[in-house]
Amino acid sequence: MAARQAIQVGTKSVRPVLSLNPGEAKARVLNLYKAWYRQVPYIVKEFDIPKSEEQCRAKLKELFLKNKNVTDIRVIDMLVIKGQMELKETVNMWKQKGHVMDYFKPTEEPKPKDFLSKFFSSNE
């Protein structure tokens, strides 16, 4: 009996952010992905970015797949909330062209080879 009480004291029951189970969280992620996917043509046109719709959709897929291994429902819900905020800011034109183009930065910067490049990259 004492061991059971110790386990109950040691474990904390956390409240869900939005989703109650993994299936519900997955549905929210898919709805967010579809919303972004539908907005891509308007984003390309309104922000006049030098990328095609295919390139933007490929980047969208890459950004979503970056978090595919997240299994904690609370973390998934927070990522969905942040994604919805980003979408709203983008659709309402609260962002500028530079903010949208930040998504297309190279994911891995090449390592500097010469002395000055190494020096400048170390001081950032």
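All of these numbers come straight from a predicted model, not from anything done at the bench. Position 1 is the first residue of the sequence, and the numbers go up from there.
- Atom-to-atom distance recorded for Thr90:OG1 and Tyr103:OH is 5.0 Å, nearest 0.5 angstrom.
- Hydrophobic clustering of Ile, Leu, Val, Met, Phe, Trp and Tyr side chains at less than 4.5 Å, counting indirect connections, unites Val75 with Tyr33.
- How far CG of Leu87 is from CD of Gln39: 6.0 Å, rounded to the nearest 0.5 Å.
- Within a 6.0 Å radius of OH in Tyr37, no more than 12 heavy atoms belonging to other residues, nucleotides or ligands are found.
- A search for side-chain contact (heavy atoms from CB on, under 4.5 Å) contacts involving Lys26 returns Leu30, not counting sequence neighbours.
- Judged as a ring-ring contact (aromatic ring centres under 6.0 Å, His included), and not counting sequence neighbours, Phe47 has no contacts.
- Heavy atoms only, all atoms of each residue included: Val40 and Cys56 are closest at CG1-CB, 3.6 Å.
- Applying the side-chain contact (heavy atoms from CB on, under 4.5 Å) test between Glu86 and each of Lys88, Glu89, Gln84 identifies Glu89 as the sole match.
- No chain of hydrophobic side-chain contacts below 4.5 Å, direct or via other Ile, Leu, Val, Met, Phe, Trp or Tyr residues, connects Leu65 to Trp36.
- Put simply, Leu20 and Val80 are part of two different groups of oily side chains (I, L, V, M, F, W, Y) that touch within less than 4.5 Å, one to the next.
- A donor-acceptor pair is defined here as one N or O able to donate and one able to accept, closer than 3.5 Å; no such pair exists between the side chain of Lys59 and the backbone of Phe104.
- Residues Val17, Met78, Ile81, Met85 make up the rest of the hydrophobic cluster containing Leu18, defined by ILVMFWY side-chain heavy atoms closer than 4.5 Å, directly or through other members.
- Here the straight-line distance linking atom OG of Ser19 with atom CG of Asp77 works out to 3.5 Å at 0.5 Å rounding.
- Interatomic distance, Arg28 CZ to Ile76 CD1, rounded to the nearest 0.5 Å: 11.5 Å.
- Rounding to the nearest 0.5 Å gives a distance of 13.5 Å between CD1 of Ile43 and CG of Asp48.
- Interatomic distance, NE2 of His99 versus CE of Met101, reported as 13.0 Å (0.5 Å rounding).
- Residues Pro50 and Lys97 have side chains in contact (heavy-atom distance under 4.5 Å, counting atoms from C-beta outward).
- Crowding of Lys61 atom NZ: a count of heavy atoms from other residues, nucleotides or ligands under 6.0 Å not exceeding 12.
- A heavy-atom distance below 4.5 Å is found between the side chains of Phe64 and Val29.
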